[in-house]
Amino acid sequence: MQEKKTDYNAGTLYICPTPIGNLEDITLRCLRILKEVDFIAAEDTRVTKKLLNFYNIQTPLISYHKFSEKKKSLLVIEKLRENYNVALVSDSGTPLISDPGKEVISQAIHNNIPITPLPGPSSLTCALSASNIITDGFLFYGFLPKTYKQKKECLNQLSQINYPIIIFESPKRVLNTLECLKEVYDNCNIIIARELSKIHEEILYFSLDNAINHFTKIEPRGEFTIIIEHLISPTQNHLSIADMKKLIANSLATGNSISSIAKELSQELNISKNELYKLILDIQEEI
């Protein structure tokens, strides 16, 4: 049986974010813990092994992918209850952020096992930091439903939220998702972050029309993080985006300040003042 280590409190579960692309994007603390824990619970041991080999880490691995998570989580909990320390990792980024791991965490909480989360890589915050939107609030949804009907129903619900929405998408479904977004949000602005931290990293600032045109001509590749910028839904306020812009342009023509226009229209249309403020600035530049 493997000798137990004494560097940590007995039976601690460490949530360890791993690089989303570039293997250098990992914290020193995370590397230390991956080396010193007794076991690493990995979504895919083959993927995690590449990272461990890169840093010459020999810690034994336990697989817990989504198809065996319930069964394997019991093994992880058993190790923790035997006073072994375990690091939980996904293939990339932070566990549980559109990745498996929930069952392990739930069982750890149920068994009163200490949990220590580590900060680290996430395509969500990485993409958001490169955006030009107001970030005092946003909603992260993850992957949308696969069928077009379910996707549209979901987006119609999300359109009622007056904050930027961040979603993940695969290359095979991204064009379909962009077309669905167009139906719900008209020609709003979006930020598309593709292959973040990898060789072919690309961050694109598009209107939906331009994004659809771009990926109709160029085959989508890699993993996509999409930020939907202007969340003023036509159905929510019974106004089209064009009508909304016309209303704002008329208000600007009166000579009132942007802040007063944003405050007045926010109350009238039940729209976030911050989102309106940015929309007014954009329209002011177009006039």
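The chain is numbered in sequence order, starting from 1.
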Student: Sequence neighbours left out, what passes side-chain contact (heavy atoms from CB on, under 4.5 Å) with Asn111? Give chain and number order.
Tutor: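 side-chain contact (heavy atoms from CB on, under 4.5 Å) list for Asn111, sorted by chain: Ile77, Arg81, Gln107, Ile113.
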Student: Applying side chain to side chain donor-acceptor pair (under 3.5 Å), can you list everything that pairs with Asn112, at least two apart in sequence or on another chain?
Tutor: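 Asn112: no side chain to side chain donor-acceptor pair (under 3.5 Å) contacts found.
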Student: Taking side-chain contact (heavy atoms from CB on, under 4.5 Å) as the test, write out the residues that go with Pro117, two or more places apart.
Tutor: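 Partners of Pro117 by the side-chain contact (heavy atoms from CB on, under 4.5 Å) criterion, ordered by chain and then number, come out as Ile15.
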Student: Mind jotting down which residue pairs meet the salt bridge (charged side-chain N to carboxylate O under 4.0 Å, His left out) criterion with at least one end in residues 95-117? Sequence neighbours excluded, please.
Tutor: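 Listed by first then second residue: nothing to list.
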Student: Is there side-chain contact between Phe206 and Asn189, with at least one heavy-atom pair below 4.5 Å?
Tutor: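 No, too far: nothing below the 4.5 Å cut-off.
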Student: Going by the salt bridge (charged side-chain N to carboxylate O under 4.0 Å, His left out) test, which pairs reach into residues 87-97, not counting sequence neighbours?
Tutor: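 As it turns out, there is no salt bridge (charged side-chain N to carboxylate O under 4.0 Å, His left out) pair with a partner in residues 87-97 once direct neighbours are skipped.
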Student: Does Ser257 have any side-chain contact (heavy atoms from CB on, under 4.5 Å) partners at least two apart in sequence or in another chain, and if so, which?
Tutor: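 Applying side-chain contact (heavy atoms from CB on, under 4.5 Å) to Ser257 gives Ser259, Ser260.
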Student: For Lys198, check salt bridge (charged side-chain N to carboxylate O under 4.0 Å, His left out) against everything at least two apart and list the hits.
Tutor: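 Salt bridge (charged side-chain N to carboxylate O under 4.0 Å, His left out) list for Lys198, sorted by chain: Glu195.
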Student: Using the salt bridge (charged side-chain N to carboxylate O under 4.0 Å, His left out) criterion, which residues pair with Asp25? Sequence neighbours excluded.
Tutor: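 Here no residue qualifies.
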Student: Using the side-chain contact (heavy atoms from CB on, under 4.5 Å) definition, which of the options Ile190, Leu124, Thr225, Leu144 pairs with Ile167?
Tutor: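 For Ile167, the side-chain contact (heavy atoms from CB on, under 4.5 Å) test succeeds with only one of Ile190, Leu124, Thr225, Leu144, which is Leu144.
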Student: Provide the full list of salt bridge (charged side-chain N to carboxylate O under 4.0 Å, His left out) pairs with a residue in residues 148-171, sequence neighbours left out, each pair given once.
Tutor: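 Non-adjacent pairs meeting salt bridge (charged side-chain N to carboxylate O under 4.0 Å, His left out): Lys152-Glu183, Glu169-Arg173.
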Student: Lys182: which residues meet the salt bridge (charged side-chain N to carboxylate O under 4.0 Å, His left out) condition with it, sequence neighbours left out?
Tutor: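 Per chain and number, Lys182 pairs via salt bridge (charged side-chain N to carboxylate O under 4.0 Å, His left out) with Asp209.
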Student: Tell me the ring-ring contact (aromatic ring centres under 6.0 Å, His included) pairs involving residues 87-124, sequence neighbours left out?
Tutor: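 Listed by first then second residue: nothing to list.
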Student: Given Asn210 and Ser207, is the side chain to side chain donor-acceptor pair (under 3.5 Å) satisfied, shown in steps?
Tutor: CA-CA 5 Å; Asn210 289 336; Ser207 67; 3.3 Å; yes
Student: In chain order, what residues pass the side-chain contact (heavy atoms from CB on, under 4.5 Å) check against Cys30, with sequence neighbours excluded?
Tutor: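 If we apply the side-chain contact (heavy atoms from CB on, under 4.5 Å) test to Cys30, skipping adjacent residues, the hits are Cys16, Ile26, Thr27, Leu34, Leu118.
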